Each structure stands twice: as structure tokens, then as C-alpha cells.
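A short worksheet on the structure shown next.
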There are 2 protein chains.
Amino acid sequence: MLKITRKVEYALIALRHMQQSPNNSVSSASQIASKYGIPQHLLAKILQQMTRDGLIQAVKGPTGGYKIKADLKKISLKDFFEKLEGPLGLMDCYFNTDCLQMKACNILSPIQKINQNMRDMFSKTTLLEITQ
Amino acid sequence: MLKITRKVEYALIALRHMQQSPNNSVSSASQIASKYGIPQHLLAKILQQMTRDGLIQAVKGPTGGYKIKADLKKISLKDFFEKLEGPLGLMDCYFNTDCLQMKACNILSPIQKINQNMRDMFSKTTLLEITQ
DNA sequence: GTATATACGACAATTTTAATCGTATATAAA
DNA sequence: TTTATATACGATTAAAATTGTCGTATATAC
């Protein structure tokens, strides 16, 4: 419960690795994967998604790889999480309104408050703070 | 990702229900289950655990049920979560030290900070605030 | 050309969560 | 004292989400 996924974990590790790459030179998926013990194909897929999301930039071909593209201090952890995993909420009913028990539910408004607290917390931290 | 479990959700619903019960009279598992559309046996098991945890008190036999026992304003949401689901952390490495990638991991200390933020947040909210 | 990289969808395995089932025990009430 | 209804609790199954693998296509440096 209340765990981040390996997908997000791997993405953070890769981002920090790139952040520390001298002169923002590219790192390949296989380099990163072997250094941190991450399944290579899995990491590749995650890096591809981050590329689509505009966080990093891909360079194809041999000597290719990935490097950071976005300004990490302008991206909150909340935005990062939501790019990778979709809407961020303790319960689905925070976004979905099709819960059948909606009428009977007695904890909706308390949950909404905690949700908001959590979202605020992750909104206040930037990706740069995490990766540098 | 970052979701609470149904177990915790059901527990909160039941607690709030008991909180609103006039004169702290007992509520049976089946009453609560049918009112909120929760599988009865599952709720029963959760209520039994809350009884063991000292949150509520059980009364056996017909006309029996459960009522609140603990002082809810003295119990934080963090304690409640941990009673039901164990240690609260974004990643297992917050508590387990047997991660094989520990040496190579480059996001350990950033993650620890976020973890602490999250734990602080849930420590500041009491169960009473949620259920009343 | 060839080797090495990204791109991407389909599929499989694993793990976690959710739910069910069976049986035992306690007790209020007829 | 019998019966119905409640809690107690472990075993098992089902469902869902996560994690990982595979195959194939495309780009490009050398």
C-alpha cells in the first residue's frame, strides 16, 4: 500500500544517472540497466515513454542513447508520477465518479482532503531536487 | 500506485459508521457490510483485526457487534495504516536493508526524504479528523 | 554491410490484493 | 436446553495489477 512502482523507481534512477552524466552526454539503456541491475528491455520501454513525454531525448544508432531534455526544476514530482502512472490519488473515486457505493460512502470528503494533502506534497518537490 | 487498499478503505468506513452510532451502541459486521456494499466475510475479518489491535471492542452473540474502544484523537492516520498494513514507505528499502542493488542505488537518500515527508503528513492527521 | 542503438506491441510470469469457504466458539432469547 | 445469530480465524481461491520477456522493425555510426 502507498508504494511507488518499479517503473517509477527505474525512471528516477535513470534520470538521476543522466543528470550526473558529464556534459549531458547520452547514456544507453543497456549501460544504465547493467549498472543498476535493471532488466534491460524493461528499462528501454520506460525510457521510450519518458521520451514521448518530453522528459528526455533519444539518439538512435550506435553511440546513441538518452539524455535529459526537460528542465527538471520546472517539473514537480506529482507531474512526473502522473506522466508515468496516470492520475495520482489514494482512491480511484478521487477521479472516477462511477463508484457504485458513491451514495452510501461515508468517507468521501475526508479522503478528498487527504488526497489533496498528498497531491500538494508531491507538487512542492521538483524532479531536480530528487535527481541532483 | 500510491493507493490505499480496500482493507483500509473498509476499515475507515466501518470506523466512521461506528463513530456516528448513537450512544456508541454496537454495530454488527453484517449491518455495516450491507449498508455500504462490502463483502460481509471480508469486513468481518477486518473488524476482527481491528479488535486485536485495540481500536474497537467486540461483543459476541446475537445482538452483538463492534463498537469503538480507542480514543481516536490519539491515533494518527500513520499508526492506523501501519496497524492494518504494516510499515509505511514508498519503497520497501525504507525498512528492508536487503536490497541487492543497495550499493549501486543512486536514489536512496532522495527517496528517504520523500518517505519522511509522507510519514509526517500522515502522522499529523488523527483518526478522529477522518471519521467525524 | 554490419553491429548496435531506439521503438513498440504482444504476451507471459509473478506478486499482491480481494474475496470466499469452512469450522469453531460465544451468547441472547425462545 | 435448543436455536439463531454473532464473532474468531485459518485455508484456499479468484482477480487484478505489476513486472518482465520476446519478436520484429527502424535508424545510423563505422
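So you know, we letter chains A, B, ... as the sequences are listed, proteins then strands, and number each from 1. Computed from a prediction, not measured in an experiment: that's the story for all the values here.
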Mind checking A:Ala44 for me? I need base, sugar-phosphate or nothing, with any heavy atom below 4.0 Å counting as a touch.
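Nothing, no heavy atom under 4.0 Å.
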
Please encode protein proximity along nucleotides 20-30 of chain D as a string of B, S and -, counting only heavy-atom distances under 4.0 Å.
BBBB---BBB-

Can you tell me the distance, in whole Å, between the [atom1] atom of [X] and the [atom2] atom of [N]?
X       : N      : atom1 : atom2 : answer
B:Leu2  : C:dT17 : CG    : P     : 13 Å
B:Ile46 : C:dT20 : CD1   : P     : 12 Å
A:Arg52 : C:dT6  : CZ    : C1'   : 12 Å
A:Phe81 : D:dT18 : CZ    : P     : 14 Å
B:Asp92 : D:dT18 : CG    : P     : 15 Å
A:Met50 : C:dT6  : CE    : P     : 12 Å
A:Glu9  : D:dT18 : CD    : P     : 14 Å
A:Gln49 : D:dT18 : CD    : P     : 13 Å

Closest non-hydrogen atom pair, [X] against [Y]:
X       : Y       : result
B:Met18 : B:Ser27 : CG-OG, 4.4 Å
A:Gln31 : A:Val26 : OE1-O, 4.4 Å
B:Asn24 : B:Lys67 : O-CD, 3.4 Å
B:Ile56 : B:Leu47 : CD1-O, 3.5 Å

Counting heavy atoms not belonging to B:Lys69, are there more than 12 under 6.0 Å from its NZ?
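Not buried by this count: 12 neighbours or fewer within 6.0 Å.
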
Enclosure of A:Lys78 NZ (heavy-atom neighbours >12, cutoff 6.0 Å)
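It does: A:Lys78 NZ has more than 12 such atoms within range.
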
Without placing hydrogens or testing angles, list every side-chain donor-acceptor pair under 3.5 Å for residues 113-123 of chain A, not counting sequence neighbours.
from	atom 1	to	atom 2	distance (Å)
A:Asn115	OD1	A:Leu90	N	2.7
A:Gln116	OE1	A:Tyr94	OH	2.8
A:Gln116	NE2	A:Asp120	OD1	3.2
A:Arg119	NH1	A:Glu82	OE2	3.0
A:Arg119	NH1	A:Leu88	O	2.9
A:Ser123	OG	A:Arg119	O	2.7

My understanding is that only residues two or more places apart in sequence, or in another chain, count here; which of them pass side-chain hydrogen bond (donor to acceptor under 3.5 Å, both in side chains) with A:Thr5?
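side-chain hydrogen bond (donor to acceptor under 3.5 Å, both in side chains) list for A:Thr5, sorted by chain: A:Glu85.
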
Just to be sure I understand the geometry, which residues of residues 26-35 of chain A put a non-hydrogen atom under 4.0 Å away from DNA chain C?
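By residue number: A:Ser28, A:Ala29.
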
Pairwise ring pair (Phe, Tyr, Trp, His ring centres under 6.0 Å) hits with a residue in residues 52-76 of chain A, at least two apart:
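Every pair satisfying ring pair (Phe, Tyr, Trp, His ring centres under 6.0 Å) with a residue in residues 52-76 of chain A: there are none.
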
Within the 3.5 Å criterion, strictly below it, is a donor on B:Lys73 or B:Gln132 matched to an acceptor on the partner's side chain?
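Checked: B:Lys73/B:Gln132 side chains show no N/O donor-acceptor pair below 3.5 Å.
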
So which of residues 82-91 of chain B are in contact with DNA chain D, with a heavy-atom cut-off of under 4.0 Å?
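By residue number: none to list.
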
Pairing nucleotide - D:dA14, Watson-Crick or G-U, each distance under 3.5 Å
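C:dT17 is the nucleotide pairing with D:dA14.
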
Do B:Val8 and A:Met1 make a side-chain contact, defined as non-hydrogen atoms from C-beta onward lying under 4.5 Å apart?
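Side-chain contact under 4.5 Å: yes.
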
Mapping A:Thr51 and B:Lys7 to their closest nucleotides on DNA chain C, which lands nearer the 5' end?
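Checking each residue's closest nucleotide, the 5'-ward one belongs to A:Thr51.
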
